[in-house]
Enquirer: 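I am attaching a structure below and will ask some questions about it afterwards.
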2 protein chains.
Amino acid sequence: MAPRDTKAKILEAALELFRERGYEAATMRAIAKRARVSLGNAYYYFGSKEHLIQAFYDRTHAEHIAAVGLELGASKDLRGRLLWVMRKKLETIQPYHQFASVLFRSASDPTSPLNPFSRESEPVRREATAVFARVVDGVHAISKDLREELPNLLWLYHMGIVLYWIHDESEGQWRTWKLMERSVDLIAKVVAVASMSGLGPVRRKILALLRDLRADEEHEAPGTAQ
Amino acid sequence: MAPRDTKAKILEAALELFRERGYEAATMRAIAKRARVSLGNAYYYFGSKEHLIQAFYDRTHAEHIAAVGLELGASKDLRGRLLWVMRKKLETIQPYHQFASVLFRSASDPTSPLNPFSRESEPVRREATAVFARVVDGVHAISKDLREELPNLLWLYHMGIVLYWIHDESEGQWRTWKLMERSVDLIAKVVAVASMSGLGPVRRKILALLRDLRADEEHEAPGTAQ
DNA sequence: GTCTATAACCGGATAGAC
DNA sequence: GTCTATCCGGTTATAGAC
């Protein structure tokens with residue numbers, strides 16, 4: 001069998017078992033067995049169990065980008081564009097909510113390559129941030145200095161919403177939806193106010209701090225938190 | 001030997017080994033050996049390795065409260081008081097930096113009792129929030145509506161700083177210190193500006209959202225993220 | 001019934017033969 | 001690239017000491 005098929009077969013078995021039994025019960029041995037492959041062989045293709053989870057992330061990430069589309073819902077203001085992206089995000093990850101806690105556990109381990117702040121996740125993070133850059137680019141009424149920091153800030157905001165979503169056990173995660181819609185509203189308003197440069201010194205200080213943080217990261221990234 | 005001493009000895013050994021070798025290398029067998037106790041005995045007192053982490057968590061929390069003291073450094077303005085609390089926090093956790101990543105791994109697992117948003121952590125979270133309430137209480141120039149939300153917000157802020165710290169590999173975590181000091185400065189300024197109620201509607205909307213989120217939590221907490 | 005110790009068990013990960 | 005055999009460490013079962 002072609003190596004590519006073997007790898008796909010293992011991944012398929014893993015995703016099946018994750019869905020059927022959850023993360024803990026889906027042992028590497030069971031995955032290998034389901035894929036009719038030896039344990040060692042499974043490890044030949046996937047360095048660790050975590051690498052199998054990465055498939056989930058990559059998939060939902062790709063799905064989100066596709067769902068967002070090229071025109072971002074054709075909206076022209078920040079509120080509409082951000083709302084579109086966030087809605088698509090929540091819709092994309094919704095089917096995985098019951099597994100999310102386990103799947104995202106490794107994501108929050110700073111030593112894990114799955115961590116969104118890690119070197120390995122940088123490509124995905126960059127792509128995700130690019131989506132928010134597109135959100136911002138389509139809007140006129142944003143001051144230049146703010147425009148520069150906004151994509152990163154929005155990405156961070158979206159991570160916060162996802163974190164809330166993970167913990168949200170309300171029916172259909174309606175609380176997350178409510179929070180998301182109200183906070184998107186707020187963000188649009190705050191950006192509007194801030195863009196009129198009404199609060200000179202404080203605003204400048206905030207932007208300077210954000211700029212410095214990004215500069216530090218360029219060298220040897222500790223993270224983007226806060 | 002009295003049981004209490006045995007338990008303390010095991011915890012002591014565990015913390016030592018966590019500090020010396022980090023979490024992975026500090027095996028339960030090594031911990032038991034260091035404590036001159038059998039493996040089974042260690043498990044008699046601590047149901048799992050996670051329980052040892054919980055003990056660590058409780059201890060640093062208590063240390064922080066003690067370090068903060070009753071007068072919060074005798075400062076009278078928000079900047080000084082918050083700075084004092086945050087400095088004590090970073091000083092308290094500093095010795096455990098290399099093992100902190102693991103602490104946070106389980107802490108961010110929504111199914112883990114260690115999760116700061118979990119039911120089990122509620123007492124600690126409440127105590128920690130109380131510290132920030134004391135920070136706020138000692139300051140005069142804060143508007144009433146803001147004063148109500150601030151303790152929770154500051155707790156959340158402090159979690160963000162800790163998250164940054166965990167990822168921060170700079171010498172002595174100087175980046176975290178810099179970020180902390182600058183952001184404390186900013187928070188004090190923002191609170192000052194916001195307390196003069198200059199930005200009516202936006203400010204009211206933000207506070208209303210925060211109030212609603214807290215109200216939701218009262219019933220069946222999904223989390224306090226963002 | 002409270003504590004301690006030893007010997008498994010289980011699953012993630014690795015080594016090395018083919 | 002695929003296998004088998006093995007390691008390693010968290011966890012559990014269980015036997016016994018006080």
Side-chain angles (χ1 to χ4, degrees), chain A residues 1-18 20-56 99 102-103 105-109 111-115 120, chain B residues 1-57 98-99 101-107 109 111-114:
Chain A
M1 181 178 305
R4 198 151 297 213
D5 290 348
T6 305
K7 183 167 185 177
K9 211 172 47 175
I10 293 167
L11 178 56
E12 207 49 50
L15 295 184
E16 271 176 42
L17 284 172
F18 284 152
E20 286 174 24
R21 308 187 195 171
Y23 182 77
E24 307 297 339
T27 68
M28 287 298 283
R29 283 167 175 82
I31 291 166
K33 195 170 181 180
R34 170 78 58 109
R36 293 168 198 282
V37 144
S38 76
L39 176 63
N41 199 195
Y43 273 100
Y44 175 80
Y45 285 105
F46 297 92
S48 76
K49 208 173 169 182
E50 269 187 2
H51 282 78
L52 284 166
I53 302 178
Q54 182 91 50
F56 251 121
F99 314 102
V102 210
L103 295 174
R105 177 177 54 186
S106 21
S108 45
D109 175 0
T111 65
S112 159
L114 286 179
N115 186 285
E120 289 85 341
Chain B
M1 179 178 305
R4 198 151 297 216
D5 291 348
T6 305
K7 184 166 185 177
K9 213 171 50 175
I10 294 167
L11 177 56
E12 211 49 51
L15 293 184
E16 270 175 44
L17 284 172
F18 284 154
R19 229 175 318 168
E20 287 173 23
R21 310 186 194 170
Y23 182 77
E24 307 296 341
T27 69
M28 288 299 283
R29 284 165 177 86
I31 291 166
K33 194 170 181 182
R34 169 78 59 109
R36 292 167 197 282
V37 142
S38 74
L39 177 63
N41 199 193
Y43 271 98
Y44 177 80
Y45 285 106
F46 296 93
S48 74
K49 209 172 170 183
E50 246 189 18
H51 282 75
L52 284 167
I53 301 179
Q54 176 74 271
F56 157 83
Y57 191 73
Q98 68 153 326
F99 132 76
S101 63
V102 184
L103 164 74
F104 199 75
R105 176 177 52 187
S106 15
D109 176 359
T111 66
S112 161
L114 285 180

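Lettering follows sequence order; numbering is per chain, from 1.
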Enquirer: State which residues pass salt bridge (charged side-chain N to carboxylate O under 4.0 Å, His left out) with A:Glu16; sequence neighbours excluded, sorted by chain then number.
Expert: A:Arg34

Enquirer: Which protein N or O atoms sit under 3.5 Å from an N or O of nucleotides 4-7 of chain D?
Expert:
none

Enquirer: Nearest heavy-atom pair of A:Leu11 and A:Ala55: which atoms, and what distance?
Expert: CD1-CB, 3.4 Å

Enquirer: Establish, with yes or no, whether the OP1 or OP2 oxygen of C:dC10 is under 4.0 angstrom from a side-chain nitrogen or oxygen of A:Thr27.
Expert: no

Enquirer: Starting at atom CG of B:Leu52, determine the distance to atom C1' of D:dG9, rounded to an integer number of angstrom.
Expert: 14 Å

Enquirer: Of all the heavy-atom pairs spanning A:Ala35 and A:Ile10, show the shortest one and how long it is.
Expert: CB-CA, 3.8 Å

Enquirer: With rounding to the nearest 0.5 angstrom, report the CZ to CD distance, B:Phe56 to B:Glu50.
Expert: 13.5 Å

Enquirer: In chain order, what residues pass the side chain to side chain contact (heavy atoms under 4.5 Å, CB included) check against A:Leu39, with sequence neighbours excluded?
Expert: A:Met28, A:Arg29, A:Tyr43

Enquirer: Of the nucleotides C:dT2, D:dT11, C:dA13, which one has an atom closest to the side chain of B:Met28?
Expert: D:dT11

Enquirer: Separation of B:Leu17 atom CG from D:dG10 atom C1', in whole Å?
Expert: 16 Å

Enquirer: Figure out the CZ/P separation between A:Arg36 and D:dG1, and round it to whole Å.
Expert: 22 Å

Enquirer: C:dA5, OP1 or OP2 - any side-chain N/O from B:Tyr43 closer than 4.0 Å?
Expert: no

Enquirer: Nearest whole angstrom, please: distance from the C1' of D:dG10 to the CD1 of B:Ile53.
Expert: 12 Å

Enquirer: Taking all non-hydrogen atoms of both residues into account, name the closest pair between B:Ala14 and B:Leu52 and its distance.
Expert: CB-CD2, 3.9 Å

Enquirer: Measure the distance from CD1 on B:Ile10 to P on C:dA5 and round it to the nearest whole Å.
Expert: 10 Å

Enquirer: Check whether more than 12 heavy atoms from other residues, nucleotides or ligands sit under 6.0 Å from atom NZ of A:Lys49, and answer yes or no.
Expert: yes

Enquirer: Output the rounded distance in Å from NZ (A:Lys33) to P (C:dG11).
Expert: 12 Å

Enquirer: Over how many whole Å does the gap from A:Tyr23 atom OH to C:dG11 atom P extend?
Expert: 13 Å

Enquirer: A:Glu24 CD to D:dT11 P: how many Å, rounded?
Expert: 11 Å

